[in-house]
Chemist: 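My questions all concern the structure below.
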2 protein chains.
Amino acid sequence: MTEQVTTGTLVTTGTDVTRMRELNALSIVRALRGNPPSTVTELATRTGLSRPGTDVIVQGLVADGWLTVVEPDGSSVVGRPARRYRFNAGAGHVIGVDVGAHKVLAMLADLDGTVTWTTRLPVDPGADPAARLAVADAAVDECLAATGLRPEDIWAITVGVTGPVDASGRTTLFTPLPGWASVNPAEHLAARFSCPVQVENDCKLAALAERWQGAARDADDIVYLLAGMRTGAGLIIDGTLRRGYGGAAGEIGALRAVRWLTAPSHLENCASLPAGIDTDDAAAWVFNAARSGDKAARTAVRRYTRDLAVGTAALVLTLDPQVVVLGGGFSRSADLILGPLARELGRTCLRVPEIRASTLGAESVALGALRLALDEVDARLFGVGLPAPVAPRA
Amino acid sequence: MTEQVTTGTLVTTGTDVTRMRELNALSIVRALRGNPPSTVTELATRTGLSRPGTDVIVQGLVADGWLTVVEPDGSSVVGRPARRYRFNAGAGHVIGVDVGAHKVLAMLADLDGTVTWTTRLPVDPGADPAARLAVADAAVDECLAATGLRPEDIWAITVGVTGPVDASGRTTLFTPLPGWASVNPAEHLAARFSCPVQVENDCKLAALAERWQGAARDADDIVYLLAGMRTGAGLIIDGTLRRGYGGAAGEIGALRAVRWLTAPSHLENCASLPAGIDTDDAAAWVFNAARSGDKAARTAVRRYTRDLAVGTAALVLTLDPQVVVLGGGFSRSADLILGPLARELGRTCLRVPEIRASTLGAESVALGALRLALDEVDARLFGVGLPAPVAPRA
DNA sequence: ACTCTTTTGTAAAGAGCGCAGCATTATTCC
DNA sequence: GGAATAATGCTGCGCTCTTTACAAAAGAGT
């Protein structure tokens, strides 16, 4: 008889009785994360486990450094005051880096996502990849030095870059950064850090940030628009960031009929623009002028918004999201864009989603990088199961 | 102290030791589904459980009717021949219904997805909703009558309709069927069936079918194109059908710049079309003429394909799928469409996905409905946990 | 100051489950 | 017919959770 073992789909592994305990430990950790310090009784009701059982597991988690004890303060309750337990967010840390054209922004956060340190270093827009990576290294080093952490204390790193990123973390062509085609920052950082290092497109990270701490906290289906001198999009569907098979999801700007590549030129080439103004400040000037009633400026903004709306409509009709978040540099002038954008979408879309302005500003990409790094940590912890925990501060 | 119970995110419930057993039972069922009848030893190695433990669980599953025993036949192996166990696919059944303009197609399948009965009934294209639902009822009744099953034996039903469907299963406006706006077939069927009844857009179901048994079996990121007198799309991302927040994902044809609504008119209005030909046969005639070299017909096909490509490019750039599947009535002429479509996409897209022709033909929507119904059954079984199983054929 | 109430902390008994190991059984090969 | 092979079935062991019970700690009332 032939040995017909189909290993095509991975079959869920059977649950051992010791694995069950791990699951319950994870269940308790999950019940604690994001909540204020809790008593054993609270955790027991939340997880559905019995109180003694919960207690045993909690003791183990404390011994392993995952939880810390909060001795009861003099609160006025009837009955014996309870010890409270807090998730030890300082057990591990993650780093998010935003490698932009003019600057590198690195942020360090604990497992709760609380940002502990932020470093911002300028970069020459014309710097070659090696120099740019060196600045990124310096920013990361400063994060470590300022907080007294060692590379082993970092559990995940995410780097945000412009342009599409393939599954292996390599940047592909079509990037505005000089010489940045086929650079692999992940490999570069892997030399010093043994933790997982991810590289991701900046728009996608900004979308994550908006869902985490920004304007789309309540939504599971989000189209994030990066509106600035560069135009891009990041997509979150069913609560998860979608990259596409080749990592190029959202790059609708490449379609000629979608005028995203040239949309900002309406602002740069505005007729009423003063002569000596810098390219980087031109857009801001035009928005201000439009706000004060300048005819040519208003036309420029209208044309820009109309071009922006074409691609947005394609995204909205493809995905039917709950929310469209307008981010990027131009989101500071959202008051001028939101209305016309909504009108344009109303003309073309079956169901017009809410349109909101970003609330995060320039830190959104780095924040999203933190979020992705935290997701990576969570996936490893909750997916495979609590591995021998890195005893924190031994 | 204030009672701060955050019930915002549902916390995973703790695992009881009896729940563990359910999980292991599910694990064994999963290891058996889609595989040929297996011995206990095979199941033990596949699930990672011990052989005695596996045996106990298997006995229980047999007693509950989930598994059936296959006594050893005279196969030539050394050693004691093993009993084999087979998933009892007949323990439950699902029904998929395709409510089209000209016909209603109902299919009945067991839990393995093996189609047991198919009924096809004609409908007058102008029939009102009540008459159309009556035909659907008749088709479902015939499935039951022919197989001798009762309504209680059906574990899930999915109905495919044209046009967008919202989360509650109501059809919305923008449907080509007469009077079909805001009809709720789910409610209608719920009167006779107590099982879950889903209503879904036909394009989306066809996409599911292609991934299940059609041209995209190997892909997790799929754009399905319905190319016929009506044009539509269905999206599968990360292996899951995506509906969008309002259920209108993929309805990019509503964008005016995307000429999907009018694309087929290039074929209908072809100059070389003979006078007396029926509207429904016009397209087929034009494709045949183009194949034999008719100039006007070739132009019509080229224009049609170009219009089809605009929307397809938007979908591809938004999602970056692995595969585009060309389905619908025109997929019979895929030899004429695939090449030009690929060329158009090559001009506009960063990464051109594979383009394949559908292999399922007219049954794709009903098949996809079956798949969705089976998914619903799986979700209830594997998600919540094996409920008191419906003792099959008591 | 004492007792009562309420809630927490902790220990012991009981049950269910999976695993390892050994004896038993059924079949083929020599 | 005997040896080799592989599946089946049974028993004891360890692990985990739950239930039950009791001791400890703090405030409220008399």
Side-chain angles (χ1 to χ4, degrees), chain A residues 1-3 5 12-28 31 37-63 67 69-85 385-386, chain B residues 1-5 12-28 31 37-63 67 69-86 385-386:
Chain A
M1 186 156 296
T2 47
E3 184 80 6
V5 178
T12 36
T13 177
T15 308
D16 191 355
V17 71
T18 168
R19 167 79 182 143
M20 178 175 68
R21 181 156 204 213
E22 285 180 359
L23 288 174
N24 281 340
L26 289 174
S27 174
I28 287 179
S38 311
T39 70
V40 171
T41 315
E42 287 168 8
L43 289 174
T45 56
R46 254 184 248 159
T47 54
L49 298 173
S50 73
R51 200 163 51 87
T54 308
D55 192 72
V56 173
I57 296 177
V58 164
Q59 299 310 327
L61 289 172
V62 169
L67 269 46
V69 185
V70 183
E71 288 301 336
D73 53 350
S75 312
S76 60
V77 260
V78 183
R80 176 172 175 171
R83 264 198 285 272
R84 293 183 169 270
Y85 296 89
L386 207 68
Chain B
M1 185 155 292
T2 47
E3 184 79 6
Q4 278 186 297
V5 178
T12 36
T13 177
T15 308
D16 190 355
V17 70
T18 168
R19 167 80 182 139
M20 176 176 68
R21 179 150 216 210
E22 284 179 0
L23 288 174
N24 281 342
L26 288 174
S27 175
I28 288 178
S38 310
T39 69
V40 172
T41 317
E42 286 169 8
L43 289 174
T45 56
R46 255 184 249 159
T47 54
L49 298 172
S50 73
R51 215 191 41 229
T54 308
D55 193 71
V56 173
I57 296 176
V58 165
Q59 299 310 328
L61 289 171
V62 170
L67 269 46
V69 185
V70 183
E71 287 302 333
D73 53 350
S75 310
S76 60
V77 258
V78 183
R80 175 173 176 172
R83 262 198 286 274
R84 293 184 168 271
Y85 296 89
R86 175 206 310 279
L386 208 68

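Every chain is numbered from 1 and lettered A, B, ... according to where its sequence line falls, protein lines coming before strand lines.
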Chemist: For nucleotides 5-18 of chain C, just jot down a letter per nucleotide in 5' to 3' order: B, S or -, based on protein non-hydrogen atoms under 4.0 Å.
Modeler: -BBBB-B-----SS
Chemist: Apply side chain to side chain contact (heavy atoms under 4.5 Å, CB included) to A:Val17 and list each qualifying residue two or more places apart in sequence or on a separate chain.
Modeler: A:Met20, B:Met20
Chemist: Taking the side chain as everything from C-beta on, heavy atoms only, tell me whether B:Val56 gets closer than 4.5 Å to B:Arg21.
Modeler: yes
Chemist: In chain order, what residues pass the side chain to side chain contact (heavy atoms under 4.5 Å, CB included) check against B:Thr41, with sequence neighbours excluded?
Modeler: B:Thr39, B:Arg51
Chemist: Report yes if the side chains of A:Gln59 and A:Val40 come closer than 4.5 Å at any heavy-atom pair, otherwise no.
Modeler: no
Chemist: Side chains of B:Val58 and B:Leu67: does their closest heavy-atom pair fall under 4.5 Å?
Modeler: yes
